[in-house]
Amino acid sequence: TPIVDVANTLLIKSPFKVLFDFSFSKASKIALQRAKMFCTPYVRVFSFYHEGINPDLCRGEIITFFKQMLYEAHIAKCIILHENERNIYGETPARCLDLMETLNSPRLRLAFDPANFVQAGIRPLIDAWPNLKHHTEYFHIKDALAKNGRIVPAGHGDGDLAKILQQATANNFNGFLSIEPHLKADDPDYGGSGPERFLTAVRALRILLEQIGSIESFEKPPLKDHE
């Protein structure tokens with residue numbers, strides 16, 4: 001299913017949110033075919049759930065799977081975006097960096113999600129951003145409270161979104177911010193219907209961007225050369 005992002009682009013959600021017994025090769029090809037169909041260069045992936053298995057023991061298999069995926073992405077001229085989802089190999093900054101440095105592919109970039117880091121007990125600005133900023137091409141915009149993991153709009157949590165986006169802009173970041181509200185319908189402060197929660201998330205991000213002097217644009221930024 002394609003997602004229309006704030007910046008008027010498309011991002012294919014891949015079926016790679018799986019354990020190791022999934023038919024990986026078939027899933028990879030399907031996602032890349034869909035990307036071509038919708039004229040999007042991006043396919044978002046996770047680095048696999050490893051329920052009940054030490055992530056270090058999964059590393060070799062994960063690297064092998066990613067090499068297969070990146071081979072297919074090179075042929076399809078697509079960019080694989082790895083998101084730091086909870087409870088996957090790449091949940092932590094160190095393992096995200098491990099993937100980037102080990103695979104060392106221009107077709108692999110990061111979708112940086114500060115809220116997911118917060119929920120994993122990681123300080124995004126201090127523990128994640130310094131080592132991952134040069135690998136980041138996409139942002140998932142939501143925030144979270146460190147004390148209980150509660151998801152809140154951008155700028156209302158402990159994700160340090162303002163400082164991270166300000167530093168990204170200063171480093172000439174010109175890319176996509178994908179709003180991923182995840183606000184609960186019964187949240188006493190930010191709840192409501194689906195459209196209401198999405199508007200709450202959009203408004204919070206626009207206020208934050210205005211505060212740091214960043215410009216919102218609906219023009220697709222030029223794609224980088226990933227050859």
Say you draw a straight line from [atom1] of [X] to [atom2] of [Y]; how long is it, rounded to the nearest 0.5 Å?
X	Y	atom1	atom2	result
M69	L103	CE	CG	9.0 Å
D113	R44	CG	CZ	9.0 Å
M100	L110	CE	CG	4.5 Å
F173	F139	CZ	CZ	5.0 Å
T102	I62	OG1	CD1	11.5 Å
Y71	R107	OH	CZ	13.5 Å

Do [X] and [Y] have a side chain donor and acceptor closer than 3.5 Å?
X	Y	answer
E196	S193	yes
N84	E91	no
R34	T40	no

When clusters are formed by joining ILVMFWY residues with side-chain heavy atoms under 4.5 Å apart, either directly or through shared neighbours, do [X] and [Y] land in the same one?
X	Y	result
F66	V43	yes
L108	L97	yes
I80	I63	yes
I141	I151	no
Y89	L70	yes

Would you find a donor on one side and an acceptor on the other, under 3.5 Å apart, between the side chain of [X] and the backbone of [Y]?
X	Y	value
D143	G157	yes
S178	H140	no
R86	Q119	yes

Would you sort out whether R109 and H82 count as a side chain to side chain contact (heavy atoms under 4.5 Å, CB included), showing the intermediate values?
CA-CA 6 Å; R109 303 291 290 163; H82 174 271; over 6 Å; no

Using every non-hydrogen atom in the two residues, find where A204 and A154 come nearest and quote the distance to one decimal.
CB-O, 3.6 Å

What pair of heavy atoms forms the shortest contact from P114 to P124, and how long is it?
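The answer is O-CG, 3.5 Å.
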
Within the structure provided, determine whether I79 and E137 are in side-chain contact (heavy-atom separation under 4.5 Å).
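They are in side-chain contact.
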
Decide yes or no for D158 and K147: does some side-chain heavy atom of the first lie under 4.5 Å from some side-chain heavy atom of the second?
no

Should R59 and D98 be marked as a salt bridge (Lys or Arg N to Asp or Glu O under 4.0 Å) after you check the CA-CA gap, both sets of side-chain angles, and the distance that decides it?
CA-CA 10 Å; R59 182 183 182 276; D98 174 43; 2.8 Å; yes

Check side-chain contact (heavy atoms from CB on, under 4.5 Å) between R150 and all other residues, then give those that pass, not counting sequence neighbours.
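For R150 the side-chain contact (heavy atoms from CB on, under 4.5 Å) partners, ignoring immediate neighbours, are L145, N148, V152, D187, P188, D189, Y190.
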
Can you list everything that forms a side-chain contact (heavy atoms from CB on, under 4.5 Å) with P93? Sequence neighbours excluded, please.
F117, I122, A128, L132

So, E85 and R95, do they make that salt bridge, N to O below 4.0 Å?
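So E85 does not pair with R95 through a salt bridge.
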
Less than 3.5 Å apart, which donor and acceptor atoms pair up between the side chains of residues 159-170 and the rest of the protein, not counting sequence neighbours?
residue	atom	partner	partner atom	Å
Q167	OE1	W129	NE1	3.2
T169	OG1	L165	O	2.9
T169	OG1	S214	OG	3.2

Check the pair I75 / L32 against side chain to side chain contact (heavy atoms under 4.5 Å, CB included), numbers first and verdict last.
CA-CA 10 Å; I75 295 173; L32 292 166; over 6 Å; no

Looking at the rings of F176 and Y42, which for Trp means the six-membered one, are their centres under 6.0 Å apart?
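Yes, close enough.
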
